[in-house]
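Below is a structure I'd like to ask you about.
Any value given below was found using the heavy atoms of this structure, including those in side chains, with hydrogens, waters and symmetry copies removed.
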Amino acid sequence: MSILADKTDYRVLRIITKSLKQLEEINDLNLKVTKVDDFEISLATNMLKSVLDNNAQVINITSTG
């Protein structure tokens, strides 16, 4: 069970990024998967990308002088 918080830990985002890279290897290695599995992998990929998009880091740039 996860611990819910106001902000997702950076470590979680790193794990998700690593997971996405591994899922992309399926296409890069030309591995065969069924149509249903391909759909589920795409769905999982999109959901993980959504987590990253929802936790984008904002950088404030202020000019001096």
Side-chain angles (χ1 to χ4, degrees):
M1 178 191 247
S2 60
I3 300 170
L4 302 179
D6 293 329
K7 182 179 176 185
T8 301
D9 283 341
Y10 181 73
R11 291 179 295 173
V12 172
L13 301 176
R14 283 190 1 227
I15 292 169
I16 291 172
T17 302
K18 289 178 185 178
S19 300
L20 282 170
K21 288 179 183 177
Q22 289 191 332
L23 287 172
E24 289 173 2
E25 283 185 29
I26 294 170
N27 290 329
D28 295 343
L29 297 174
N30 295 319
L31 299 174
K32 295 181 181 179
V33 295
T34 66
K35 183 188 283 188
V36 173
D37 289 342
D38 183 58
F39 174 78
E40 296 291 341
I41 292 167
S42 295
L43 186 62
T45 299
N46 289 335
M47 291 176 132
L48 290 172
K49 285 180 180 179
S50 176
V51 171
L52 293 178
D53 289 343
N54 291 334
N55 286 286
Q57 299 294 323
V58 177
I59 299 173
N60 293 323
I61 299 174
T62 58
S63 59
T64 57

Co-members of L4 in a cluster of I, L, V, M, F, W and Y side chains, linked at under 4.5 Å
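Other cluster members: none.
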
Pairs involving residues 37-47, ordered by first then second residue, that meet side chain to side chain donor-acceptor pair (under 3.5 Å) (sequence neighbours left out):
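Every side chain to side chain donor-acceptor pair (under 3.5 Å) pair that includes a residue of residues 37-47, provided the two are not neighbours, is T34-D37.
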
If hydrophobic residues (ILVMFWY) are linked whenever their side-chain heavy atoms come closer than 4.5 Å, directly or via other members, who joins L43 in its cluster?
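Listed partners: F39, M47.
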
Approximate separation, where rounding is to 0.5 Å, of S2 OG and D9 CG
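Nearest 0.5 Å value for the OG-CG distance: 11.0 Å.
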
What donor-acceptor contacts under 3.5 angstrom involve side-chain atoms of residues 11-33, with partners at least two apart or in another chain?
{"from": "T17", "atom 1": "OG1", "to": "L13", "atom 2": "O", "distance (Å)": "2.8"}
{"from": "S19", "atom 1": "OG", "to": "I15", "atom 2": "O", "distance (Å)": "2.9"}

